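Owing to the predicted nature of the structure, the values given are computational and were not obtained by experimental measurement.
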2 protein chains.
Amino acid sequence: MRLTTKGRYAVTAMLDLAINSSDSPVNLTEISERQAISLSYLEQLFAKLRRRKLVRSIRGPGGGYMLNATTDEISVANIINAVNESMDISRCEGRANCQDGQQCLTHNLWVDLSNRINSFLDDITIGQLIRQNEEQRKLRANQNDNHKIELNTIA
Amino acid sequence: MRLTTKGRYAVTAMLDLAINSSDSPVNLTEISERQAISLSYLEQLFAKLRRRKLVRSIRGPGGGYMLNATTDEISVANIINAVNESMDISRCEGRANCQDGQQCLTHNLWVDLSNRINSFLDDITIGQLIRQNEEQRKLRANQNDNHKIELNTIA
DNA sequence: AAATTACTTGAGTAAAATACTTGGTTATTA
DNA sequence: TAATAACCAAGTATTTTACTCAAGTAATTT
């Protein structure tokens, strides 16, 4: 599991797609403009997302991309792993003394941690993120309303 | 929060330090050899770790580095943030329409997620990782013993 | 005090990853 | 058939990573 700006671009683009897609597809030019990511870079990212079946494409005019599953079926880990295909190969792979040596105690510790991060991000879906943000927005809106009412009452 | 091989090197080195330090300091040459990380790269990483007060150095013969806090006071997030100093600047920073525009809805979603990842890794200390691994090792050892006993009994 | 050891610092560099550009092609729709 | 948008490939500038080399500084030992 790696977490770089590349993964962030992919998550951002997928969130944009999720938010802006109704029943009609969203084309990459729109996402490119909204999110300030170059079109061809988006093309590269979406080629990988499509290979992992996270999105499906519709060609021709009016075409674009659609999510290939519900927002609650697509995890952040799914997206990040899709665009970071090149596996992180461990250093000590192939070494004879790997299993028992001290260098591999720490290696195992890293693998454990890496797995924990992965399963953490696998439990966060883009649906969750969007709903959570929506609720926070509502909360803030209510607080503002209350504040206005208070002020009005005082005045 | 970024999670790259650089952060992994730092976490690995800190775990090595935690495991191999008694009351005397551990020098970077040892860590370099055990973990197969070049000495000068370790030097750069430890300069940053020292700036963040995660380790302290003892110079001169017999010198080296020691943890500057207990293993339970040092989180994985501490280590990773120490070596990845350059803050991830958000794309839309400074843009006028950032707060309300659609591009910043997704930006906020990303920031929320980033915060969640950060606090997740801030709750994992290197002490935890080491103890957890030790317990797993014991479990496996016991299972092996039981297996041997079973085999012996059968035979 | 001199020599040694070992950490410290900085400049420079090769290799890799990132982000993008260019220039196409193929499929679909109007 | 003309416009649109996905698809594809090759190439490139920039940044980051990981490292080398060299000079400097501090602490210890003899």
Heavy-atom nearest nucleotide on DNA chain D taken for A:Val26 and for A:Gln44; more 5' hit belongs to A:Val26
Atom CG of A:Leu45 and atom P of C:dT18 are separated, to the nearest Å, by 10 Å
To the nearest angstrom, the OH-C1' distance between B:Tyr9 and D:dC19 comes to 10 Å
Practice prompt. May I ask you to evaluate whether A:Arg2 reaches the phosphate of C:dA16, defined as a side-chain N or O under 4.0 Å from OP1 or OP2?
Written response: no
The reported gap from OG1 in B:Thr106 to CD1 in A:Ile19 (rounded to nearest 0.5 angstrom) is 6.0 Å
Is A:Arg137 paired with A:Glu134 through a side-chain N to carboxylate O contact shorter than 4.0 Å?
yes
Should A:Leu49 and A:Met66 be regarded as members of a common hydrophobic cluster, given that ILVMFWY residues are connected when their side-chain heavy atoms come within less than 4.5 Å of each other, either directly or indirectly?
-> no
Are A:Asp123 and B:Arg116 within salt-bridge range, i.e. N to O under 4.0 Å?
no
With the side chain defined as heavy atoms from C-beta on, A:Lys6 is closest, among C:dA6, C:dA19, D:dT16, to C:dA19
A:Phe46 atom CZ is separated from D:dC7 atom P, nearest whole Å, by 11 Å
Just wondering, do A:Arg34 and A:Asn20 contact through their side chains at under 4.5 Å, heavy atoms?
yes
Tell me whether the rings of B:Tyr9 and B:Tyr41 are parallel (<30°), tilted (30 to 60°) or perpendicular (>60°).
perpendicular
Notebook entry, point to check: For A:Thr29 and D:dA5, is the shortest distance between a side-chain N/O and OP1 or OP2 below 4.0 Å?
Noted result: no
To the nearest angstrom, the CG-P distance between A:Leu28 and D:dA5 comes to 10 Å
For this session: Report whether A:Ile126 and B:Phe120 are members of the same hydrophobic cluster (ILVMFWY, side-chain heavy atoms less than 4.5 Å apart, transitive linking).
Result: yes
Of the candidates D:dC19, C:dA6, D:dA6, the side chain of B:Tyr41 sits closest to D:dC19
Could you go through nucleotides 24-30 of chain C and list every protein N or O atom that sits under 3.5 Å from one of its N or O atoms, giving the distance for each pair?
unit_1, atom_1, unit_2, atom_2, d
C:dT26, O2, A:Arg59, NH2, 2.9

Note, DNA chain D 5' to 3' with Watson-Crick or G-U pairs under 3.5 Å encoded as ( ), [ ], | and . gives ||||||||||||||||||||||||||||||
Rounded to the nearest 0.5 Å, the CG atom of B:Leu113 sits from the CG atom of A:Leu121 at a distance of 6.5 Å
### Message
With a 4.0 Å limit, can you tell me whether A:Ser57 has a side-chain N or O closer than that to the phosphate oxygens OP1/OP2 of D:dA5?
### Response
no
message: Would you say B:Val55 ends up clustered with B:Ile58 if hydrophobic residues are merged whenever their side chains have heavy atoms under 4.5 Å apart, either directly or through other cluster members?
response: no
Short side-chain N/O contact from B:Thr4 to OP1 or OP2 of D:dT17, under 4.0 Å: yes
When rounded to whole Å, the NZ to P distance for the pair A:Lys48 and C:dA17 reads 10 Å
Rounded to whole Å, the CG-C1' distance (B:Asn84 to D:dA18) equals 14 Å
From the candidates C:dA6, D:dC7, D:dC19, the one with an atom nearest any side-chain atom of B:Ser38 is D:dC19
Margin query: At 4.0 Å (heavy atoms only), tell me whether B:Leu39 reaches a base, stays on the sugar-phosphate, or touches nothing.
Written below: nothing
When A:Asn68, A:Thr125, A:Leu67 are each screened for side chain to side chain contact (heavy atoms under 4.5 Å, CB included) with A:Ile74, the one that passes is A:Leu67
To the nearest angstrom, the CD1-P distance between A:Ile31 and C:dC20 comes to 15 Å
Between CG of B:Leu42 and C1' of C:dC7 the distance, given in whole Å, is 13 Å
Winner on side-chain proximity to B:Arg50, out of D:dA6, D:dC8, C:dT9, is C:dT9
**OP:** Give one of base, sugar-phosphate or nothing for B:Arg56, where a contact means two heavy atoms less than 4.0 Å apart.
**Re:** nothing
